[in-house]
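Inspection log for the structure reproduced underneath, given as structure tokens.
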Amino acid sequence: MSRPVGSRLVRKAVIPAAGFGTRLLPATKAQPKEMLPIVDRPAIQYVVEEALQGELHDILIITGKGKHAIEDHFDRNFELEEELRKSGKTHALAEIRDLTTAGRIHYIRQNELLGLGDAVRYARDHVEAEPFAVLLGDTLLRPSGECLRKLISIHERTGDAVLAVEEVPEDKVDRYGILEVESVEDSEYVVKRIIEKPKREEAPSRLAAVGRYVLIPEIFEIIDGLPPGKNNEIQLTDALHVLATRGRLRACRFSGKRYDVGNRFDYVLTTVEYALDRPDLVGIREALMSILKS
Ligand code: G1P
């Protein structure tokens, strides 16, 4: 299918991962929340793998103070490799080598935590004049990759920015960017308005942004002109709202499952669900069932 004039292939992913992770203290006092393990992989590894599954091999991670462990995780560790080689642990060796070669990972530091919109602004020089995907570092989606591929295909068809949405319960609308939309197709919408963390009575719907976006370079100039929004932060949602008023924002309903690993309750549930899906953890389901029955 031919692309609209001005639209370009999406090749780059941006993963904002600079936040403190206060909802998971004290675990996040000296390590990034994105490095907390879900079974045996840090959460951010699943997000990087999702980007790769969406064919985005150029990845920029927006880090900040205390986030060095993320860079170390995706870097070579020669001593460890040598140790694994000597002890014949070839599977583990292959796994840690794959991590460092699968994509091209770049880093930039957000020096002050001024909000998600501000974090995205740090990607400007890296993405240049290209559309790019944004994947929030503390949100995991399953099935992985499918949502991103859908967003990219909508962008490539329309040239517009696109975000993934799902319906949330009414008592949770104040945790998300909430949308007013017009339906185009079954799971695709034109966005008329988006508002960050509205009160229940102000929410235009229950359709919430789930933390996956394909953005267009026009977003940077919009962010530059934004005053601080909700919680006195520069909100990506406010920039998206400007795109919506220009008729340049679409939404796509995500039909899989979303895991917010940035709070205790969901973090524990995510770990359990991912463990249940691991073929190598033989007997885990039965062990969990017996705990639940006792
Ligand atoms: C961010 C966005 C919000 C979105 C949410 C998804 O909020 O600002 O619009 O709905 O992610 O997780 P945060 O959770 O970082 O406060």
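First listed ligand is number 1; within each ligand, the first listed atom is number 1. These figures come from a predicted structure and were not determined experimentally.
You'll find the ring centres of Phe132 and Phe220 inside the 6.0 Å limit. Note: Tyr46 and Tyr259 fail the aromatic proximity criterion, with ring centroids not under 6.0 Å apart.
Among residues at least two apart or in separate chains, side-chain hydrogen bond (donor to acceptor under 3.5 Å, both in side chains) pairs with a member in residues 210-219 are Glu50-Arg212, Glu218-Arg246, Glu218-Arg248. Applying the ring pair (Phe, Tyr, Trp, His ring centres under 6.0 Å) rule to pairs touching residues 174-206 yields nothing, sequence neighbours excluded.
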List, one per line, each side-chain donor-acceptor pair under 3.5 Å for residues 36-45, sequence neighbours excluded.
| residue | atom | partner | partner atom | Å |
| --- | --- | --- | --- | --- |
| Asp40 | OD1 | Arg278 | NH1 | 2.8 |
| Asp40 | OD2 | Arg278 | NH2 | 2.9 |
| Arg41 | NH2 | Glu95 | OE2 | 3.0 |
| Gln45 | OE1 | His73 | NE2 | 2.9 |
| Gln45 | NE2 | Glu49 | OE2 | 3.0 |

Ligand 1 polar-atom proximity to protein (N/O, under 3.5 Å):
| residue | atom | partner | partner atom | Å |
| --- | --- | --- | --- | --- |
| ligand 1 | 7 (O) | Lys197 | NZ | 3.2 |
| ligand 1 | 8 (O) | Glu196 | OE1 | 3.4 |
| ligand 1 | 8 (O) | Glu196 | OE2 | 2.7 |
| ligand 1 | 9 (O) | Gly177 | N | 3.0 |
| ligand 1 | 9 (O) | Glu196 | OE1 | 2.7 |
| ligand 1 | 9 (O) | Thr237 | OG1 | 3.2 |
| ligand 1 | 10 (O) | Gly177 | N | 3.0 |
| ligand 1 | 10 (O) | Ala209 | O | 2.7 |
| ligand 1 | 16 (O) | Lys197 | NZ | 2.6 |

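One N or O on the side chain of Lys67 and one on the backbone of Ala17 form a donor-acceptor pair closer than 3.5 Å.
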